[in-house]
Amino acid sequence: MRFSSVAAAGVIAISASTALADNHLVFAPGEGPFNWDNYNEWAANAPDLSGQQVTVFGPWLVPEDGYFRNVLAYFADATGADVVYTGSDGFEQQIVIDAEAGAAPNISVFPQPGLASDLASRGHLYPLPESMGDWVANNYGAGDSWVNLGTYTNENGEKELYGFFYNVNVKSLVWYNPENFEDAGYEVPETMEELRALTEQIVADGETPWCIGLGSGGATGWPATDWIEDIMLRTQPADVYDAWTTNEIPFNDPRVVAAIEEFGWFARDDAKVSGGSDAVATTDFRDSPKGLFESPPQCYMHRQASFVPAFFPDDVEFGVDADFFYFPAYESKDLGSPVLGGGTLMAITNPSEASSALMEFFQLPLAHEIMMAQTGFLTPHKGVNLEAYLNDTLRKQGQILIDATTFRFDGSDLMPGGVGAGSFWTGMVDYTGGEDAQVVADEIQASWDALK
């Protein structure tokens, strides 16, 4: 499930003249933890695009549009191009209208790959420069995953690379209170085997290891879908995960049922979850992590995505009262270090010399580092200086992305809405309430069949 903010639309125009008129390069060249040598080398050989305009359309609004403007200023400074960015909270509807009318911008910023894939299949996207596929594979953590996630079928049924991911997020996180761990003598687990052993140790010590809450109004159940997706990536190869999200393998396949039951190992044991298993479905996901900070602690761990600190008590200080670790993989299964998350991607919707140059600019570490230093921007780019991140929280998540061997999007977002935002949610509520995993999986598959 995705979370997003909504604000008013805005338009920003940038050119070499305006960028330098008031020294509007947000970070002075040569200063700060940025890859200036790499940028300067690129700029010295950049094409002269004076008089050419590049239009970019996307969902970023205040203040993100301003941060993005600061990135584009370095491209404008090096090439002389004019860059116009338009942000809209109605992007996903408007880009379809513009593309069908032949009035698409040069580059579009898609908040998720589904719409980009659809437009590619209708002939409204243009392939990225040929070198970018190999570049992404070699320079992004889990590079092959990002190439695959940006590769779509065109109107002729041929697969081509259309999407370049820029700004992603991480869901495979477990939050904890370092002081509580230290007081109890617990260490951060590095494998799933160690995480399960820690869970059992905390129970043996008479404490409760987990806080889990699925409550979310009409969307109750969605946090459990993230658990299942993460477990699928840790128990099955990525191609099985992909087949599951498209129903090439049925939802009631034994491998999926086993993942549901593994979630149950954590969530359906009264001794392992705060409030007992009966409280899992009724506890609001926003309230669930607060047990980490009570005295005595009501739990020691909480699995949730990077947005969850927004629901921590106001006086919680990261690194002191709260920290996180990577939701670990099984050492025994040899499936690498998979990461679940999401992200935005750039695609060419109206090709030009300047748009190709801008896409190549986005490969530079600096094009990521300028965003990293300003806002909650994450990148799998292995060439960036991690010191450029705005804070330690982002820096640690950036390292997780770089270390990843596989990256996959939220599976429920890839399924039909009636399943991914319907029967999957309600099925997880039924399961935590005591229903058999096979019965739940059968019912979800039946709902998928009914949509075909």
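When a residue number appears, it is its place in the shown sequence, counting from 1.
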For [X] and [Y], test the side chains for any donor-to-acceptor distance below 3.5 angstrom and give the result as yes or no.
X: Q399; Y: D403; answer: yes
X: T349; Y: S108; answer: yes
X: E369; Y: N35; answer: yes
X: N247; Y: K452; answer: yes
X: Q374; Y: N70; answer: yes
X: Q438; Y: E261; answer: no
X: Q445; Y: N252; answer: no
X: T55; Y: N106; answer: yes
X: R255; Y: T235; answer: no
X: T426; Y: S423; answer: no

For this session: Go through L366 and N38 one step at a time and tell me if the side-chain contact (heavy atoms from CB on, under 4.5 Å) criterion holds.
Result: CA-CA 8 Å; L366 185 83; N38 177 270; over 6 Å; no
Exercise. Where do E41 and N45 land on the side-chain hydrogen bond (donor to acceptor under 3.5 Å, both in side chains) test, with the steps shown first?
Worked result: CA-CA 7 Å; E41 180 181 355; N45 297 286; 5.5 Å; no
Problem set entry | More than 12 heavy atoms of other groups within 6.0 Å of D334 CG |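 Not more than 12 within 6.0 Å, no.
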Exercise. Counting only heavy atoms not in E187, do more than 12 sit closer than 6.0 Å to its CD atom?
Worked result: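 No, the 6.0 Å shell around CD holds no more than 12 heavy atoms from other groups.
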Are [X] and [Y] an aromatic pair by the rule of ring centers under 6.0 Å?
X: F327; Y: W227; result: yes
X: Y85; Y: F57; result: no
X: F285; Y: W222; result: yes
X: Y67; Y: W60; result: no

Tell me if a side-chain donor or acceptor on [X] pairs with a main-chain N or O of [Y] at a distance below 3.5 Å.
X: S337; Y: A404; answer: no
X: E229; Y: S412; answer: yes
X: T220; Y: S216; answer: yes
X: T79; Y: L49; answer: no
X: S355; Y: S352; answer: yes
X: S117; Y: G114; answer: no
X: D77; Y: A73; answer: no
X: N180; Y: L292; answer: yes
X: E193; Y: S332; answer: yes

Note: [X]-[Y] ion pair, threshold 4.0 Å (strictly below):
X: D65; Y: R69; value: no
X: D392; Y: K396; value: no
X: D230; Y: K171; value: no

Return the orientation label for the [X] and [Y] ring planes: parallel under 30°, perpendicular over 60°, tilted otherwise.
X: Y176; Y: F325; result: tilted
X: Y140; Y: F164; result: tilted
X: W42; Y: F361; result: tilted
X: F165; Y: F409; result: tilted
X: H381; Y: W135; result: perpendicular
X: F263; Y: Y431; result: tilted

A side-chain contact here means heavy atoms from C-beta on lying under 4.5 Å apart; do [X] and [Y] qualify?
X: E64; Y: F377; answer: no
X: F91; Y: V109; answer: no
X: W448; Y: M415; answer: yes
X: N139; Y: Q363; answer: no
X: M301; Y: L195; answer: yes
X: M428; Y: I260; answer: yes

Looking only at non-hydrogen atoms, find the nearest pair between [X] and [Y] and report the distance.
X: Y326; Y: P338; value: OH-O, 2.6 Å
X: L386; Y: R395; value: O-NE, 3.0 Å
X: A437; Y: V257; value: CB-CG1, 4.0 Å

For this session: Run the numbers on L72 and L358 for side-chain contact (heavy atoms from CB on, under 4.5 Å), then give the verdict.
Result: CA-CA 9 Å; L72 296 176; L358 181 56; 4.0 Å; yes
For this session: Applying ring-ring contact (aromatic ring centres under 6.0 Å, His included), run through F251 and F424 and close with a yes or a no.
Result: CA-CA 10 Å; F251 210 104; F424 195 0; 5.0 Å; yes
Exercise. Would R303 count as a cation-pi partner of W210, with NZ or CZ less than 6.0 Å from the six-membered ring centre and within 45° of the ring normal?
Worked result: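 No, a cation-pi geometry is absent between R303 and W210.
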For this session: Sort out for me which residue in Y39, Y74, Y166 forms a ring-ring contact (aromatic ring centres under 6.0 Å, His included) with H368.
Result: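 Going through the options one by one, the only one that passes is Y166.
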For this session: Please assess V174 against H302 for the test side-chain contact (heavy atoms from CB on, under 4.5 Å), listing each intermediate value before the final yes or no.
Result: CA-CA 5 Å; V174 177; H302 178 72; over 6 Å; no
Problem set entry | Distance (rounded to the nearest 0.5 Å) between K159 NZ and T153 OG1 |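 Rounded to the nearest 0.5 Å, the NZ-OG1 separation comes to 3.5 Å.
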For this session: Could you walk me through whether S172 and R234 pass the side-chain contact (heavy atoms from CB on, under 4.5 Å) test, one step at a time?
Result: CA-CA 11 Å; S172 302; R234 283 151 182 76; 3.5 Å; yes
